[in-house]
Every structure is written in C-alpha cells, then in structure tokens.
Trainee: 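Encoded as structure tokens, here's the structure I'll be asking about.
All of these numbers come straight from a predicted model, not from anything done at the bench.
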Amino acid sequence: MALASLVRRKAYLLSRNLSNSPADALKYSFSLSNFSRGFASGSEENDVVVIGGGPGGYVAAIKAAQLGLKTTCIEKRGTLGGTCLNVGCIPSKALLHSSHMYHEATHSFAGHGVKFSSVEIDLPAMMAQKDKAVSNLTRGIEGLFKKNKVNYVKGYGKFISPSEVSVDTIEGGSTVVKGKNIIIATGSDVKSLPGITIDEKRIVSSTGALALQEVPKKLIVIGAGYIGLEMGSVWGRLGSEVTVVEFAPDIVPSMDAEIRKQFQRSLEKQKTKFMLKTKVVGVDTSGNGVKLTVEPAAGGDQTTLEADVVLVSAGRSPFTAGLGLDKIGVETDKIGRILVNDRFATNVAGVYAIGDVIPGPMLAHKAEEDGVACVEFIAGKHGHVDYDKVPGVVYTHPEVASVGKTEEQVKALGVDYRVGKFPFLANSRAKAIDDAEGIVKILADKETDKILGVHIMAPNAGELIHEAVLAINYDASSEDIARVCHAHPTMSEALKEAAMATYDKPIHI
C-alpha cells in the first residue's frame, strides 16, 4: 500500500476516536489537508495568508498558527510590528518616559530631597534607548513566528486573485503566495494636508518627530489628537516652545468634555499653547525655519506663526494603496476603508480585513482583537470584539484614559444617568508621591446602576482604566466596584471612591 494511502487509513482510524465537536473535526480536516499538501506539486496553499505584520497582522498570524492553520505573513517593512512598534506606539512611549524622567529631574526631584548640581539632555543616548527597545521587540516577534511556525515573507504584497498574492520581495525578487483565506491588515498612514509637503526634517509626521536630531526651539503641532499631544509633550518637556493648532473647537474631540477641559488646563500649565478653531492656509519653507499662515476656521484675519519644526498630526488614513483591491472587487467606503461584515469578511469570498483599514477605532489593541476574532471565525470558532468597550489612552502626564460612553453620548441617548467623581487630590497615594493632579469620573444608568463609561485623568491612568474595562465587559454596576476591597494606599482607590460616589457617597471627600 502506498505511503499516502497508509496515512489516510491511519487518519481514518484516528478520526473514529474523535469527539463529534466541530473543533475536533476541523482540526482533523486541517491535519489531513496539511499532509496532502506535502505530496502536492507546485506552490503549497496556505490556510491563512496575512498581508501586513503590524499589531493586527502579526497577532492574527500567530493565532492562526496556534489553531493549527498553515499560515504565512507578508510584511513590506522588513521588520515586524508595523507602524505601532517601529515608528508609533512603542518609540513614542520610550521618548515620553525618557522626557518625563528629565522633566521630573529638573522640576520635581529637589522637592523630594534629591538634588543635582546639573542636569542635561543627551538626545543621542535617548534616541538609542528608544531604538534598542524597538529592535528588541521586533526581534521578539520574529522569534514568536518561528516558535509558532508562521512563514514570514518580507515584501510588498498585492492581490492577483482572491486566493493569490504576488509579493515583490525586499531582496528584489518576486513570489506568489496562495491562501484559502487572506486577511488584509495593512494598517494606516499619516493623513496629509493640502499644500503641506512632509520632508521629515522641518515638516515632519510622527515618524520624523521620533527622530529629530536636536530639540527644536519652537515646535508647531497641527492637530490636537492623541498623537499630536503626545509628541508635543515629549519635545515640550525637553525644552521646546510648543504651539498646537487645531481646526476643531476642542482638543481630542472624542474625549468626555469635562475631562477634556481639565486635560487642556493641565497641558497649558506645562506651557503648551493652543490655537483652537484655527486652520492652516499657507506654508513657507524658503528660510531656515517654517512660517505658517493661519486664520480662524470660520474665516477672518490671517496671522503668521514661525517654528523650527512643524509636526503634521491631523489623523491617519487606511493604507490600501497598491493592494489590487479593485482588481478583485473588494468594496471600500468613501474614505478608503474596507467594508466588512461582523465576521470581518469582505464582499469577496475568502478575503477578510482587520485593524485600521476597516471602520472602528484606529488603535493597535483594537487591531489585535480584530486579528484574533477574525482567525477564530475562519477556524470555525466564535470571535467577538465590541468597539464600544475598547479603552483609549493619551500617554501624556497626567495620562487620560477612558472606556465606554462620554457624558455627551449618554445624554444624546436619552438615558437617565448618575455621575460619580473623585479627585486624586483626596487620594492618599497620590498625595504621598506629590502627583495628585487628576480625577476619576464614572457614568452609570440611574435605574440599574450599570456602568456606562469611565474616564480617568491621572498618572498611570492607562493602567488604572483596565479595572473599569473589565467591569464594563461584564456589565458590572458602580456598586460592584465600590464593594471590591482595594489595597491601601493605591491610586486605584480613587476608582473605588468614584464608584461609591456614583451609587451612594464616597468616604474620603
């Protein structure tokens, strides 16, 4: 009997001992198909091909492999982690931490009895520490690919059919990768503004802002969203005079209005200047610096702003250029996002999309959850992501973190609600470490006490928010949080007290 026949016979006998669960049946079918491909001629077909190796893509690839699916990930950058790891979330957080340490040393250490004769910035060393963190993490993901047996192709992929991707490799060659299921996870790119050319030297995107060779004396940030405020905070702490120009009437428009106002006051105390309801109408780079011509958003007299560096941070756009989506008929909306159903499937059978290329929050952790859920659907399992329960964090100091609805959204829904607040000025740990600026705000349904939204401005708000994320995911009430014993003294006690204030009364205020 031929070897293949022997294996099929043994697989049949083994299958008789399997349970009747869909997962076992699926595992068996993939095992048999993987074996069969080993004897097939020509290019092997993958169960899953992922285009893009960012947070959504690499997580989807690893999860697919863990579920027993033959998986290939295609990434054009040559290093895994996407924008987030290479020129986004990770390097920015490294610089935010380094700049915060410098700011603390120059502004706070003396009050704690720690004195220096002098403190200076070593920008090359700061950048080297950032680059080391990025390098270690990208290599770590490659290690995870090897551990989970994910095939990694370095190059630019584009569709030639719904089941085939042509890849121009970074080495200069080309190859075709075949897949039963293909996931588009190509992320997003910097949104450009009319009349402004980014050269990554004087007019920079977030990528250029992470690699400046010296601290600019004057920095103008166009856009008062998460990225603009974080990068403005980095260079402001290091000595730049920072001005933020924003077309909208408020900073971070998705943020709860009450928290947003306190946040803006906090940044203004750190000497960040804001020009809201203002638009840029002209750029002049003929001199050594940059001159921006601005005017009120509603129209009016023009003024000129001068800067050494201008950071364009007006949002991001889905990156789908050159993928050949039109060739295979994938539908997109008017701003280029790929349209998917609740299983992340596009209108083309076997083609899926996740992360920043589809509607929803443009956040790395949202993309990761998309990736896991998408692959689970492909594998015949159940996946789920609730975008209303995805936390958001601005990593300035203090940080601002939120999950669920803002007060404005709750009002718009016409829901009767209660609000509980607790200031960190009344929190023992915050007072002990002399870092007590901030507040916790909880919104809960008036009738059921179900938590609708939580908003925190505080040091480490990005860590504190996850108790609230868990509570909202399990439809907890404010009383549920209030009756949980919190360690003392901790910053998290402020969340407990705010919960007490929501359904009853707090103790310490």
Trainee: Got a sec, which residues hit side chain to side chain contact (heavy atoms under 4.5 Å, CB included) with Thr79, two or more places apart in sequence or on another chain?
Mentor: Arg77, Asn86, Thr138
Trainee: If you take all heavy atoms of Val150 and Ala65, which pair is closest and at what distance?
Mentor: CG2-CB, 3.7 Å
Trainee: Distance check, rounded to the nearest 0.5 Å: Thr346 atom OG1 versus Ile182 atom CD1?
Mentor: 10.0 Å
Trainee: Of all residues at least two apart in sequence or in a different chain, which pass the side chain to side chain contact (heavy atoms under 4.5 Å, CB included) check with Ser163?
Mentor: Ser161
Trainee: Return yes if some donor-acceptor pair links the side-chain N/O of Ser317 with the main-chain N/O of Lys191 below 3.5 Å, else return no.
Mentor: no
Trainee: Is Gln270 reaching over with its side chain to a backbone N or O of His397, donor-acceptor style, under 3.5 angstrom?
Mentor: yes
Trainee: Any heavy-atom pair between the side chains of Val484 and Lys496 that's under 4.5 Å?
Mentor: no
Trainee: So does Met500 get a backbone contact from the side chain of Asp504, meaning a donor-acceptor N/O pair under 3.5 Å?
Mentor: no
Trainee: Does Leu95 reach the side chain of Pro91, with side-chain heavy atoms less than 4.5 Å apart?
Mentor: no
Trainee: Go through the structure and list residues passing side chain to side chain contact (heavy atoms under 4.5 Å, CB included) with Glu368, not counting sequence neighbours.
Mentor: Pro55, Tyr58, Val59
Trainee: Show which side-chain atoms of residues 350-365 pair as donor or acceptor with protein atoms under 3.5 Å away, not counting sequence neighbours.
Mentor:
residue: Asp356; atom: OD2; partner: Ser188; partner atom: OG; Å: 2.7
residue: His365; atom: NE2; partner: Pro391; partner atom: O; Å: 2.7

Trainee: Can you give me the closest heavy-atom contact between Ser98 and Gln129, atom names plus distance?
Mentor: OG-OE1, 4.0 Å
Trainee: Just do the side chain to side chain contact (heavy atoms under 4.5 Å, CB included) check on Phe344 and Val385 with the steps written out, would you?
Mentor: CA-CA 10 Å; Phe344 302 96; Val385 185; 4.2 Å; yes
Trainee: Measuring from atom CG of Asn347 to atom CD1 of Ile328, what distance do you get when rounded to the nearest 0.5 angstrom?
Mentor: 8.5 Å
Trainee: Sub-3.5 Å donor-acceptor pair from the side chain of Asn460 to the main-chain atoms of Glu463, do we have one?
Mentor: no
Trainee: Give, for atom CE of Met275 and atom CG of Leu292, the distance between the pair rounded to the nearest 0.5 Å.
Mentor: 9.5 Å
Trainee: Does the side chain of Phe159 reach to within under 4.5 Å of the side chain of Val330, using non-hydrogen atoms?
Mentor: no
Trainee: Examine distances only and state if a side-chain atom of Glu331 and a backbone atom of Leu339 form a donor-acceptor pair shorter than 3.5 Å.
Mentor: no
Trainee: Are side-chain heavy atoms of Gln264 and Glu268 found at a separation under 4.5 Å?
Mentor: yes
Trainee: Within the structure provided, determine whether Leu96 and Arg237 are in side-chain contact (heavy-atom separation under 4.5 Å).
Mentor: yes
Trainee: Quick one: side-chain hydrogen bond (donor to acceptor under 3.5 Å, both in side chains) partners of Lys76, sequence neighbours excluded?
Mentor: none
Trainee: Grab the two heavy atoms, one from Ser492 and one from His486, that are nearest each other, plus how far apart they are.
Mentor: O-CD2, 3.5 Å
Trainee: If you measure from NZ on Lys269 to CD on Glu437, what distance do you get to the nearest 0.5 Å?
Mentor: 4.0 Å
Trainee: Just jot down the side-chain hydrogen bond (donor to acceptor under 3.5 Å, both in side chains) partners of His97, sequence neighbours excluded, or say none.
Mentor: none
Trainee: Quick check: does any side chain N or O of His466 sit under 3.5 Å from a backbone N or O of Gly462, one acting as donor and the other as acceptor?
Mentor: yes
Trainee: Excluding sequence neighbours, so at least two apart, what forms side-chain hydrogen bond (donor to acceptor under 3.5 Å, both in side chains) with Glu407?
Mentor: Tyr417, Lys441
Trainee: Given Val234 and Ser92, is the side chain to side chain contact (heavy atoms under 4.5 Å, CB included) satisfied, shown in steps?
Mentor: CA-CA 8 Å; Val234 166; Ser92 66; over 6 Å; no
Trainee: Would you call Trp235 and Leu311 a side-chain contact if the rule is heavy atoms closer than 4.5 Å?
Mentor: no
Trainee: Check the pair Leu85 / Ile141 against side chain to side chain contact (heavy atoms under 4.5 Å, CB included), numbers first and verdict last.
Mentor: CA-CA 10 Å; Leu85 177 47; Ile141 299 173; 3.5 Å; yes
Trainee: Taking the side chain from Lys450 and the backbone from Ser477, do they hold a donor-acceptor pair closer than 3.5 Å?
Mentor: no
Trainee: If you look at every heavy atom in Thr278 and Leu276, which pair is closest and at what distance?
Mentor: OG1-O, 2.9 Å
Trainee: Is it true that the side chains of Asp480 and Tyr503 contain a donor and an acceptor less than 3.5 Å apart?
Mentor: no
Trainee: Describe, in one word, how the ring planes of His382 and Phe377 are oriented to each other, choosing from parallel (under 30°), tilted (30 to 60°) and perpendicular (over 60°).
Mentor: perpendicular
Trainee: Using a 6.0 Å cut-off, check whether atom NZ of Lys147 has over 12 heavy atoms from anything other than its own residue.
Mentor: no
Trainee: Ion pair present between Lys70 and Asp47, side-chain N to carboxylate O less than 4.0 angstrom?
Mentor: no
Trainee: Verify, without hydrogens or angle tests, whether Asn427 (side chain) and Ala430 (backbone) share a donor-acceptor contact under 3.5 angstrom.
Mentor: yes
Trainee: Mind checking ring-ring contact (aromatic ring centres under 6.0 Å, His included) for Phe145 and listing every partner two or more places apart, or none if nothing turns up?
Mentor: Tyr152
Trainee: Hey, is the main chain of Lys366 close enough, under 3.5 Å, to the side chain of Glu369 for a donor-acceptor pair?
Mentor: no
Trainee: Compare every heavy atom of Ile183 with every heavy atom of Ala60, then report the nearest pair and how far apart it is.
Mentor: CB-CD1, 4.4 Å
Trainee: Quick one: does Phe422's side chain get under 4.5 Å of Glu493's, heavy atoms only?
Mentor: no
Trainee: Using a 4.5 Å cut-off on heavy atoms from C-beta on, say whether the side chain of Val440 contacts that of Phe424.
Mentor: yes
Trainee: Can you tell me which residue pairs pass the salt bridge (charged side-chain N to carboxylate O under 4.0 Å, His left out) test with a partner in residues 464-474, sequence neighbours excluded?
Mentor: none
Trainee: Return the set of residues passing side chain to side chain contact (heavy atoms under 4.5 Å, CB included) with His112 (not counting sequence neighbours), or none when no residue passes.
Mentor: Asp434
Trainee: If you take all heavy atoms of Leu210 and Val87, which pair is closest and at what distance?
Mentor: CD1-O, 3.2 Å
Trainee: Are Glu241 and Lys273 ion-paired here, with the side-chain N under 4.0 Å from a carboxylate O?
Mentor: yes
Trainee: Checking Ser402 now: which residues fulfil side-chain hydrogen bond (donor to acceptor under 3.5 Å, both in side chains) with it, not counting sequence neighbours?
Mentor: none
Trainee: Within the side chain of Ser240, is there an N or O that forms a donor-acceptor pair under 3.5 Å with the backbone of Val242?
Mentor: no
Trainee: If I take atom CG from residue Leu452 and atom CG from residue Asp475, how far apart are they, to the nearest 0.5 angstrom?
Mentor: 10.0 Å
Trainee: Nearest 0.5 angstrom please: Ser313 OG to Leu229 CG, how far?
Mentor: 8.0 Å
Trainee: Restricting to pairs with a member in residues 412-424, which pass salt bridge (charged side-chain N to carboxylate O under 4.0 Å, His left out), not counting sequence neighbours?
Mentor: Glu258-Lys421, Arg418-Asp449
Trainee: Start with the C-alpha gap between Met255 and Thr406, add the side-chain angles, then the distance that decides, and say whether side chain to side chain contact (heavy atoms under 4.5 Å, CB included) holds.
Mentor: CA-CA 7 Å; Met255 192 179 290; Thr406 65; over 6 Å; no
